[in-house]
Amino acid sequence: MRQVLLLLCLLLTACDQAAPPIVVNKDVTMNPLSNTDVTLAFVCKYEVIPEPSADTDKLFKYGRWLQVNNQLKKDDMVDVEIERLYRIASSNNHYKANINLQNGAIRGQFNLTSTERLHLSMQLINAHVATGYYFIAIYLENGSAGLKKDPEMALRYYRKAADDGNPQAQSYVADKLAEVSLAKEIVEEMYYCASKQGDANAARTLGYTLKNRKMYQNALEVFQLGVLAGDETSAGKLSNIFIGPEPTDSLNFMNQQKDPERSKRYKAIWKMLSDYSYAHPTVPEINDIVPLPPAPLPAWDGKLKWLEDRKANIPPTKPSEALIEKLAKDKQLNPETGRPLPTSPDFDKSASVNLLCKTGEPCPKSGYWQIAWLPREGLSQNAIIAFREGDIMPTDRVEICRSRPWPLSDKLFHQDQHVDWRLVGEV
């Protein structure tokens, strides 16, 4: 019963106006989206991601090219460079870089703190990018990114993301409602909306639903969307459909005329999608290769654009270090890592491990360090300083003022003191 009540949250159209924030842990507050419109309606909306500047797009495209070429090698040092480029680009309002950065962190490829994940998600939300709500929903569902686990609020965020156009959220909400046979019309509308935006799961699931209801033409169109999105199952299904199965073949029969050439083309596409499934291939030109009947088949040389581009592997223009440094400086980031500098309002001292080191000892970890305790006497600079692993930790220069009887003036001098240093942030 509780599961059904929670899923009913998905039937409420989330509205974030005038909803006060609630505390989800001692440091973080999130809008509860409790001011909801009690309606079962769903209006298909496509996600809109603002266009980036040309300079930030150079960083993103080169980082994405590195990421594609590191899918099998999994070189950690390459991941560090990709993270650097994505961090700097996302800080300069490149929202696809933001999304890739968070997706990579969820997979364990990049290192983001809880504070950074929330900050990136809010950056998306403030830019009206629905994926921001989708990430918050994931974090609430799993109790991660510093948020307390809250399944009910997570569902509200999934529904808000779906209403604002995120295809993954639309597919997720539809899956959850379908599990308990709620609002079948909304389920199909969400699946179709997500399918049109390239969500392979939605297209595959809706295709089978329509086929089982003998809505064959609709099912064909949705399976075609699945192939476009890179779903190998949809391609395999269409290949089998055009072999000419008998009506008794309930698995493959969809009342289509036998067409060996169509079947052959879909099978070739299926093989490519299957062989490269780890790389998430797509077939955007599917209607130019195998248009749905009654359209005739055009000539085809057997080539697929995604595969040809992958084989050519032409790198985009590599951004210069001068450009990277400029974009980093504009946002008070370390150009070597893309992380916030101590002068940045986004610098997070709580992100570091509890690590101490004394004057004269080698630095155990590269990062930003600060003296652990202020001196009992005098004034310390208390500066945050970057040290590399192996550097010898210095003394702290303390300014001391000693009062002297009149007519002598107070004596001001400096003293180097041995201190404990603490790690306050990653470089």
Point to revise | Verdict with supporting geometry, Glu336 and Asn334, side-chain hydrogen bond (donor to acceptor under 3.5 Å, both in side chains) | key: CA-CA 5 Å; Glu336 294 183 5; Asn334 183 343; 5.0 Å; no

Can you list the residues that meet the side chain to side chain donor-acceptor pair (under 3.5 Å) rule with [X], with sequence neighbours excluded?
X	value
Ser144	none
Gln256	none
Asp396	Ser380
Asp330	Lys326

Point to revise | Ring centre gap for Phe347 and Tyr368 strictly below 6.0 Å | key: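 Between Phe347 and Tyr368, the centre distance is under 6.0 Å.
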
Do [X] and [Y] have a side chain donor and acceptor closer than 3.5 Å?
X	Y	value
Asp57	His94	yes
Asp175	Asn201	yes
Asp199	Gln197	no
Gln224	Asn287	yes

Review point. Which pairs with one or both residues in residues 307-339 pass ring-ring contact (aromatic ring centres under 6.0 Å, His included), sequence neighbours excluded?
Key: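 Those involving residues 307-339 do not exist here.
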
N/O donor-acceptor pairs under 3.5 Å from side chains in residues 100-108, not counting sequence neighbours:
residue	atom	partner	partner atom	Å
Asn100	ND2	Tyr86	OH	3.2
Gln102	OE1	Ser121	OG	3.0
Gln102	OE1	Tyr139	OH	2.8
Gln102	NE2	Asn98	OD1	2.9
Asn103	ND2	Ile99	O	3.4
Arg107	NH2	Gln109	OE1	3.3

**Study point:** Thiol sulfurs of Cys363 and Cys357 closer than 2.5 Å
**Key:**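 In this structure, Cys363 and Cys357 share no disulfide.
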
